[in-house]
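Heads up: the structure comes next, in structure tokens.
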Amino acid sequence: DVKVTQSSRYLVKRTGEKVFLECVQDMDHENMFWYRQDPGLGLRLIYFSYDVKMKEKGDIPEGYSVSREKKERFSLILESASTNQTSMYLCASSRPQGGGNTIYFGEGSWLTVV
Amino acid sequence: GQQVMQIPQYQHVQEGEDFTTYCNSSTTLSNIQWYKQRPGGHPVFLIQLVKSGEVKKQKRLTFQFGEAKKNSSLHITATQTTDVGTYFCAGPTTSGTYKYIFGTGTRLKVLA
């Protein structure tokens, strides 16, 4: 089974703090993603990486950066956390399957910024 | 920009009733996927449809891909309490087939 592991399930951070969310996948997938999930807004793509050291902005990259130094690890960084970044963050990886790309999600990281 | 909308946003049904959620894309999709997220959980892949007009079944769940490949539906027959959760459709973006845009989701509650 594919495993996508997010290191922190629940975090509380102060406004202005730098926040790191770590994600590791164990299936050698090329593609990794960070999504943000908010009620009524569904899942919105923050950043995407298709290879080591390669990254691409998603729909809502402002206030975030990412790092992919190793294939299995994709980190999301909030340079200076703000209260509007309180949300659930989902890491995912994907592999080609049947003409598409099947996405496997981690369990999510609930971030509260106070 | 590209959009994927789902209706309804919420649905409450009595156990045993049927349920349908609809997904509409602003662009033609090469494929469409469906995911289920249980309360407190993370989205889990259910199925992928690729062909125009395709219909696939998984036990009580029936998935359809529209002829124009811009819409899809998920129908659950005789809902059970285990069907509770949020159902998302997702399609590849026009800017890259590795990236998927997700619908807003339909949250299903099943009353016993």
Residue B:Y10 versus chain A: region with a heavy atom under 4.5 Å: neither
Contact leader toward chain B among A:N31, A:L45, A:L41, A:I103, where contacts are heavy-atom pairs under 4.5 Å: A:I103
Check each atom of B:Q37 against the heavy atoms of chain A and say whether the ones under 4.5 Å are side chain, backbone, both or neither. side chain
Would you mind checking which part of A:L43 comes under 4.5 Å of any heavy atom in chain B, side chain (CB onward), backbone (N, CA, C, O), both or neither? both
Using the rule that two of Ile, Leu, Val, Met, Phe, Trp, Tyr join whenever any of their side-chain heavy atoms come within less than 4.5 Å, decide whether B:F45 and A:L90 are in one cluster. yes
Taking all non-hydrogen atoms of both residues into account, name the closest pair between A:E22 and A:W34 and its distance. C-CZ2, 4.2 Å
Ion pair A:E56/B:K99, N-O distance below 4.0 Å: yes
Below 30° counts as parallel, above 60° as perpendicular, anything between as tilted: where do the rings of A:F48 and A:F33 land? parallel
Taking the basic N atoms (NZ, or NE/NH1/NH2) and the acidic carboxylate oxygens, is any pair closer than 4.0 Å for A:D51 and A:K71? no
Chain B contact via A:Q37 - side chain, backbone, both or neither, heavy atoms under 4.5 Å: side chain
